[in-house]
**Q** 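Have a look at this one.
Since we're looking at a predicted model, the values are computed, not measured.
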Amino acid sequence: MKLIFNKHQLLTLAVLISALGVGCSTSGTSILLGDRTVYPATDPTTIQILIEPPDQPHIAFALVEGTAATDDYFTKKKTQEAALKALKEEAARIGANAIILTSKESSPYGQVITGNTVVTSPGFATTTAVGMGFEKITLSGRAIRFSN
C-alpha cells in the first residue's frame with residue numbers, strides 16, 4: 001500500500017511531529033510548609049509512596065506535585081509513570097523520605113485535528129477528519145521526613 005499526502009497534509013504532519021517532539025511538559029513542584037527547614041536531598045529511588053500517614057514518627061513538611069502529559073509519553077500508563085517519577089524526584093530534591101498521596105488528577109488539553117474535503121459532484125462533498133487530544137496526569141501529595 002502506497003501512502004500519498006498532499007502539501008497541506010504533509011505540513012500538518014510536520015507541525016504535529018514537531019509539537020510532539022518539543023512538548024516536554026513533565027515537571028515536579030513543591031511548596032514548603034511550617035518552619036521551612038531545609039533538608040539534604042535524598043535518593044528518588046528510595047522514596048516510599050503511601051496512601052495513609054505512617055505509624056512511625058514523621059513530619060509533613062511540604063506539598064509536592066508531579067505532572068506529565070501524553071504528548072510526551074504517548075500512553076496513559078507511561079504518562080502516569082512519568083508523573084510518579086517527577087513526584088519522587090521533587091520530593092527527593094527537598095529531602096523527603098516518603099510521600100503520602102492525596103490526589104491523582106487527569107485533565108484534557110490541546111487537540112490536533114487534520115482533515116480533507118473532496119467535492120464529489122456539484123453540491124456534494126465528503127469531509128474526513130482525524131483528531132488527537134492530549135491529557136495531563138498530576139499526582140499530588142505531602143512530602144514527609146521520618147523522625148530519628
**Q** Please answer: with hydrophobic residues joined when any side-chain heavy atoms are less than 4.5 Å apart, are I144 and F61 in the same cluster?
**A**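 Per the 4.5 Å side-chain linkage, I144 and F61 are not co-clustered.
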**Q** Hey, could you give me the CD1/CD distance between I137 and E81, rounded to the nearest 0.5 Å?
**A** 10.0 Å
**Q** Give a yes or no on whether the backbone of S27 and the side-chain of T67 come within a donor-acceptor separation of less than 3.5 Å.
**A**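 No.
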**Q** Any chance you could measure T79, atom OG1, to L84, atom CG, to the nearest 0.5 Å?
**A** 12.5 Å
**Q** Hey, what do you get for NZ (K136) to OG (S106), rounding to the nearest 0.5 Å?
**A** 11.5 Å
**Q** What's the separation between atom CG in L139 and atom CG in L101, rounded to the nearest 0.5 Å?
**A**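 Here the rounded value is 6.5 Å.
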**Q** Quick one, H58 and P53 - any side-chain contact, counting heavy atoms below 4.5 Å?
**A** yes
**Q** Find the distance between CG (L32) and CD1 (I94) and round it off to the nearest 0.5 Å.
**A**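 It comes to 5.5 Å.
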**Q** Among L50, V64, L63, which residue meets the side-chain contact (heavy atoms from CB on, under 4.5 Å) test with R142?
**A**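 So, applying the side-chain contact (heavy atoms from CB on, under 4.5 Å) to R142 and each of L50, V64, L63, only L63 qualifies.
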**Q** Does the pair E89/K85 count as a salt bridge with the N-to-O cut at 4.0 Å?
**A**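 Yes, E89 and K85 are salt-bridged.
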**Q** Nearest heavy-atom pair of A96 and A143: which atoms, and what distance?
**A** CB-CB, 3.8 Å
**Q** If you count every heavy atom of other residues, nucleotides or ligands that lies below 6.0 Å from L33 atom CG, does the total exceed 12?
**A** yes
**Q** What pair of heavy atoms forms the shortest contact from T26 to A86, and how long is it?
**A**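 The answer is CG2-CB, 3.9 Å.
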**Q** Walk me through it: do I49 and K88 pass the test side-chain contact (heavy atoms from CB on, under 4.5 Å)?
**A** CA-CA 9 Å; I49 300 298; K88 286 181 171 186; 3.7 Å; yes
**Q** Just verifying a value: how many Å separate N97 CG and I59 CD1, rounded to the nearest 0.5 Å?
**A** 11.5 Å
**Q** Using a strict cut-off of less than 4.0 Å between a Lys/Arg side-chain nitrogen and an Asp/Glu carboxylate oxygen, indicate whether R93 and E90 qualify as a salt bridge.
**A**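 Salt bridge flag = yes for E90 with R93.
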**Q** Do I100 and I31 land in one hydrophobic cluster if side-chain heavy atoms of ILVMFWY residues count as linked below 4.5 Å?
**A**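 No; I31 is not reachable from I100 via cluster members.
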**Q** Which atoms form the tightest heavy-atom contact between G95 and Y39, and what is the distance?
**A** CA-CB, 4.0 Å
**Q** Can you list every pair that meets salt bridge (charged side-chain N to carboxylate O under 4.0 Å, His left out) and has a residue in residues 25-53, with sequence neighbours left out?
**A** none
